[in-house]
Amino acid sequence: MPLGPILDASPDVLLLTDMDYDGGLTALSALRDAFREAGLDLPHVLAARPNTGRPTGLDLDGDGRLGGPRDAQGFGYFNGQGGMAVLARYPLTLERDLSELLWKDTPESLIAANDPGHDVQRLSTAAHWQVTVDTPHGPLALLTLAATPPVFDGPEDRNGRRNFDEAVLWLHVLDGRMGEMPQMPVILLGNLNVDPERGDGLREAARRVLGHDRLQDPMPGSDTVRWDRTGPMRVSYVLPDARFAVIGAGVTGPAADAGPHGLVWVDLAWPR
């Protein structure tokens, strides 16, 4: 993993998506140590087993075989491929993990009645974590996700519908529809994998997230990825609580050979 853009941003809190998970957090601990040696001390780390590569026992893609990457709860060739991780200067606590929530049980679920995984398919492709960061100013809640791309399917638009429900899940939490709502300041961040204006996804999902009155958009219209086939799009987001004052925000382009995604960053002043 190229460290340059992250070192330049020098974050207090860092969410990484598409990072493989191992049970002992060996890779994540090694990354933390590499940051420290390079001058960025993020001593607190958090990761949990994602849904990527987790077997369902069903033939979800209809190819007549079991155990393929598209038969898993989230696309993956092995258990834990492409998960999430959080690193921070301050202590982290996993307050709520919604990754086991079945797609059919989410509010206003768009799952089809005849979906091949109807009774076992989890909503989260990777994970949905509510993480408390114990900052010197007080606790804040990170609402994290890494949603499925709304493509690579057929006219049934299974991935598009699942992406929509993944993207708006935290809105149901903020609206108090899924238990107690976080009262501390929140930051919704991660890869929604959908642009509010461009691409094949159900773009209303991104518009609903961006328009929620609990959140603010510090960088409207910013592109976060440039794919060869589709060009620039906005798919990754850092959306702070409306009570924060935004000092700065931007997207740092990826380092050479680091893929098409940029590093999204936001500097905030704590609410008074």
Side-chain angles (χ1 to χ4, degrees), residues 15 17-19 50-54 56 60-62 69-76 81-84 97-118 120-129 143-175 177-178 188-212 215 217 222-227 229-239 259-261 264:
L15 171 69
T17 60
D18 200 21
M19 179 168 178
N51 285 332
T52 45
R54 186 187 291 256
T56 62
L60 296 182
D61 61 0
R70 289 185 171 83
D71 297 328
Q73 291 288 0
F75 181 93
Q81 180 182 5
M84 299 195 306
D97 186 350
L98 295 178
S99 306
E100 295 185 6
L101 179 69
L102 295 182
W103 184 7
K104 69 181 181 68
D105 293 336
T106 61
E108 303 172 7
S109 173
L110 296 182
I111 192 171
N114 63 347
D115 189 276
H118 186 275
V120 302
Q121 177 67 73
R122 298 178 178 186
L123 174 65
S124 302
T125 299
H128 283 79
W129 300 334
L143 308 178
T144 70
L145 75 159
T148 190
V151 289
F152 308 122
D153 54 13
E156 81 289 346
D157 198 25
R158 184 180 195 262
N159 290 340
R161 290 181 286 105
R162 187 180 180 188
N163 171 272
F164 183 98
D165 284 341
E166 286 190 83
V168 303
L169 180 62
W170 286 123
L171 303 190
H172 298 311
V173 172
L174 292 176
D175 291 340
R177 302 181 65 186
M178 298 185 64
L188 192 155
L189 74 167
N191 189 1
L192 272 65
N193 246 329
V194 63
D195 186 291
E197 304 296 338
R198 296 163 289 185
D200 294 332
L202 300 177
R203 298 185 290 273
E204 178 62 21
R207 295 181 193 136
R208 284 178 57 178
V209 173
L210 291 170
H212 195 276
L215 306 170
D217 183 3
S222 297
D223 299 323
T224 66
V225 67
R226 181 178 293 274
W227 282 301
R229 294 184 63 182
T230 61
M233 295 179 68
R234 187 183 190 187
V235 297
S236 300
Y237 300 79
V238 179
L239 304 176
H261 292 269
V264 182

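Because the structure is a prediction, the values reported are computed rather than measured.
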> Any chance CD of Glu100 has more than 12 other-residue heavy atoms, nucleotides or ligands included, within less than 6.0 Å?
Replying inline: no
> Which of these passes side-chain contact (heavy atoms from CB on, under 4.5 Å) with Asp165: Ser124, Pro107, Ser109?
Replying inline: Ser109
>> For the CG atom of Leu169 and the CG atom of Leu123, what is their distance to the nearest 0.5 Å?
In response: 5.5 Å
> Quick one: CZ on Phe164 to CZ on Arg203, what's the gap to the nearest 0.5 Å?
Replying inline: 12.5 Å
>> Are the side chains of Thr125 and Asn163 in contact, using a 4.5 Å heavy-atom criterion?
In response: no
> For the residue pair Val151 and Asn159, what are the closest heavy atoms and their distance?
Replying inline: O-ND2, 2.6 Å
> Atom CZ of Arg162 and atom CG of Asn193: how far apart are they, to the nearest 0.5 Å?
Replying inline: 12.0 Å
>> Can you confirm whether Val173 sits close enough to Leu143 that some side-chain heavy atom of one is under 4.5 Å from a side-chain heavy atom of the other?
In response: no
> Heavy atoms, side chains only, cut-off 4.5 Å: are Asn191 and Asp18 in contact?
Replying inline: no
>> Which residue in the set Val238, Leu210, Thr144, Leu215 passes side-chain contact (heavy atoms from CB on, under 4.5 Å) when paired with Leu188?
In response: Leu215
> Any side-chain heavy atom of Pro260 sitting closer than 4.5 Å to one from Arg226?
Replying inline: no
>> When you measure from the side chain of Glu166 to the backbone of Thr148, do you find a donor-acceptor pair of N or O atoms at a distance under 3.5 Å?
In response: yes
> What heavy-atom pair brings His128 and Ser99 nearest, and what distance separates the two atoms?
Replying inline: N-OG, 3.3 Å
>> To the nearest 0.5 Å, what is the distance between CZ on Phe75 and CG on Leu60?
In response: 12.5 Å
> Which value, rounded to the nearest 0.5 Å, describes the distance between Leu98 atom CG and Trp170 atom CH2?
Replying inline: 4.5 Å
>> I'd like to know if Arg234 pairs up with Asp217 as an ion pair, taking the criterion as any Lys NZ or Arg NE/NH1/NH2 lying under 4.0 Å from an Asp or Glu carboxylate oxygen.
In response: yes
> Any idea which heavy atoms bring Gly199 and Met233 closest together, and the distance?
Replying inline: CA-CE, 3.6 Å
>> Looking at every heavy atom in both Val209 and Leu192, which two are closest together, and how far apart are they?
In response: CG2-CD2, 3.9 Å
>> Among residues at least two apart in sequence or on other chains, which ones pass side chain to side chain donor-acceptor pair (under 3.5 Å) with Glu197?
In response: none
>> What I'd like to find out is whether the side chain of Leu101 reaches to under 4.5 Å of the side chain of Met178, using heavy atoms alone.
In response: yes
>> Could you report the tightest heavy-atom contact between Ala126 and Met84, atom names first, then the distance?
In response: CB-CG, 4.5 Å
>> I need the minimum non-hydrogen distance between Trp103 and Asp115, along with the two atoms involved.
In response: CZ3-OD2, 3.9 Å
> How many angstroms lie between atom CG of Leu202 and atom CZ of Arg207, to the nearest 0.5 angstrom?
Replying inline: 10.0 Å
> Pick one: which of Asn51, Thr56, Thr106 meets side chain to side chain donor-acceptor pair (under 3.5 Å) with Arg122?
Replying inline: Asn51
>> Tell me every residue that passes side chain to side chain donor-acceptor pair (under 3.5 Å) with Arg198, counting only those two or more places apart in sequence or in another chain.
In response: Asp195, Asp223
> Does any N or O in the side chain of Gln121 come within less than 3.5 Å of the main-chain N or O of Gln73, such that one atom is a donor and the other an acceptor?
Replying inline: yes
>> Just to verify, what does Asp175 make a side chain to side chain donor-acceptor pair (under 3.5 Å) with, not counting sequence neighbours?
In response: His212
